[in-house]
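This report refers to the structure that appears directly beneath it.
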Amino acid sequence: MATTRRRAAAAGLLASLVFSVTGCSSDSGNGGDNDKIEGAGGGGTSASASPSASASGGKDAPVFDLPSDITVTSDLKPTGDAVKDAVLRDLSYAAQARVEAFGKGQGQTANMSRYFAANALVYWAKRAEEFKKDGLTVTGSYRYYGFEVTDTASGKAAARYCEDQSKAFNKVIKTQKAQRTQPSDKDFVLYTVQTAKDSAGDWQVTQQSWKKGDATCVQGQG
C-alpha cells in the first residue's frame with residue numbers, strides 16, 4: 001500500500017467556501033443514501049481490468065487500473081494560467097482516482113493517496129470500501145466537465161466541476177448485472193472542492209461537497 005500523504009486544510013481557507021464532509025442529503029452534501037455513488041466507477045471483480053495511463057500523458061502522470069466496461073473522460077480547457085491549469089489537471093486525476101477506488105473496492109489506492117487528503121480522503125476511502133462490502137461496484141461511462149478554479153491562495157485553491165453519470169450504473173458484483181435507473185436531472189452533479197498543494201507538487205482534494213441536479217451542470221440526455 002502506498003504511503004498516504006495527508007495535509008489538513010488550513011482553518012479559514014477561502015472563507016467564502018467552507019464545506020463539510022459530514023453533511024448529508026439526498027441531493028447535496030458528502031454523504032447520505034444516493035441513487036448512485038457520486039464519482040464512483042469500476043468493474044469490481046472483472047477479469048478484464050488492465051492498467052492505463054492518463055489521457056493527459058506526461059512522465060509524472062498517474063496510471064489508472066480500470067476494467068473494460070468503464071470509461072472516464074474529462075473535458076479540460078486551458079485557462080492560460082499555469083497554476084489554475086495545474087489545479088484543474090490534478091482535479092481531473094482525482095475524479096478518475098475515485099472511479100478507480102470504487103472499482104477496486106479499495107479506498108486508499110496509490111492514486112487516491114496522491115490526489116486526496118484530509119477529510120476528503122477519509123470519507124471517500126470509507127465509502128469505496130463500504131460499497132464493496134454491500135456487494136456493489138459500478139459500470140458505464142463517467143464524464144467530467146465545467147472545470148473552473150473559483151479562488152486561489154498561497155498553495156491552496158477552490159474549484160468546481162460537473163459530473164455526468166447518466167450512463168453510469170451500480171452493478172451487483174455477484175451477478176455482474178447493472179442496476180439501471182431512469183434518466184433524470186439528478187444524473188448531473190456539481191462538485192465544489194477545496195484543494196491544497198502537497199510537498200510533491202500535486203494538488204490534493206481536501207474537502208468536497210456536491211449538489212445533484214444543479215442547473216449549471218444539467219445537459220441534454222441522449
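Hydrogens, waters and symmetry mates are skipped; everything else that's a heavy atom, side chains included, is used.
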Quick one: do Phe188 and Glu163 satisfy side chain to side chain contact (heavy atoms under 4.5 Å, CB included)? Show the steps, please.
CA-CA 6 Å; Phe188 301 91; Glu163 178 186 57; over 6 Å; no
Taking it one step at a time, do Phe64 and Asn111 satisfy side chain to side chain contact (heavy atoms under 4.5 Å, CB included)?
CA-CA 8 Å; Phe64 296 98; Asn111 289 321; 3.4 Å; yes
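The closest donor-acceptor contact from the side chain of Glu129 to the backbone of Lys126 lies at 3.5 Å or more, if one exists at all. Judged by distance alone, the side chain of Gln204 and the main-chain N or O of Asp198 form no donor-acceptor pair under 3.5 Å.
Distance CD/Glu100 to OG1/Thr109: 5.0 Å, rounded to 0.5 Å. Here the CG-CD distance, from Asn170 to Gln179, works out to 5.5 Å after rounding to the nearest 0.5 Å. Rounded to the nearest 0.5 Å, atoms CD (Gln96) and CD1 (Ile70) are 10.5 Å apart. From Glu148, atom CD reaches atom OG1 of Thr150 across 6.5 Å, with rounding to the nearest 0.5 Å. Annotation: the span from Ser74 atom OG to Arg89 atom CZ amounts to 12.5 Å, rounded to 0.5 Å. The SG atom of Cys217 sits 10.0 Å away from the OH atom of Tyr191 when rounded to the nearest 0.5 Å.
Residues Gly107 and Ala128 come closest through the heavy atom pair CA-CB, 4.1 Å. In terms of heavy atoms, Leu76 sits closest to Ser92 at CD1-OG, 3.5 Å. Closest approach of Ala120 and Gln207 over heavy atoms only: CB-N, 4.1 Å. The two residues Asp202 and Arg114 have their closest heavy-atom pair at OD2-NE, 3.0 Å. A pairwise comparison of heavy atoms in Asp90 and Gly201 identifies OD2-O, 4.3 Å as the closest pair. Here the closest heavy-atom approach between residue Ile173 and residue Leu136 is recorded as CD1-O, 3.5 Å.
For the side chain to side chain contact (heavy atoms under 4.5 Å, CB included) with Arg98, the lone residue among Phe116, Tyr115, Tyr93 that qualifies is Phe116.
Residues Lys211 and Val189 have side chains not in contact (no heavy-atom distance under 4.5 Å, counting atoms from C-beta outward).
Scanning for side-chain contact (heavy atoms from CB on, under 4.5 Å) contacts around Thr216 gives Arg160, Leu190, Asp214, with sequence neighbours left out. A search for side chain to side chain donor-acceptor pair (under 3.5 Å) contacts involving Asp85 returns Thr79, not counting sequence neighbours.
Side-chain polar atoms of Gln165 and Tyr142 form no donor-acceptor pair below 3.5 angstrom. Donor-acceptor pairing under 3.5 Å is lacking for the side chains of Gln194 and Lys156.
By the 30° and 60° cut-offs, the orientation of the rings of Tyr161 relative to Phe147 is parallel. Ring pair Phe102/Phe131 is perpendicular by interplanar angle, where above 60° counts as perpendicular and below 30° as parallel.
Checked for salt-bridge contact, Lys167 and Asp187 miss the test: no charged N lies under 4.0 Å from a carboxylate O.
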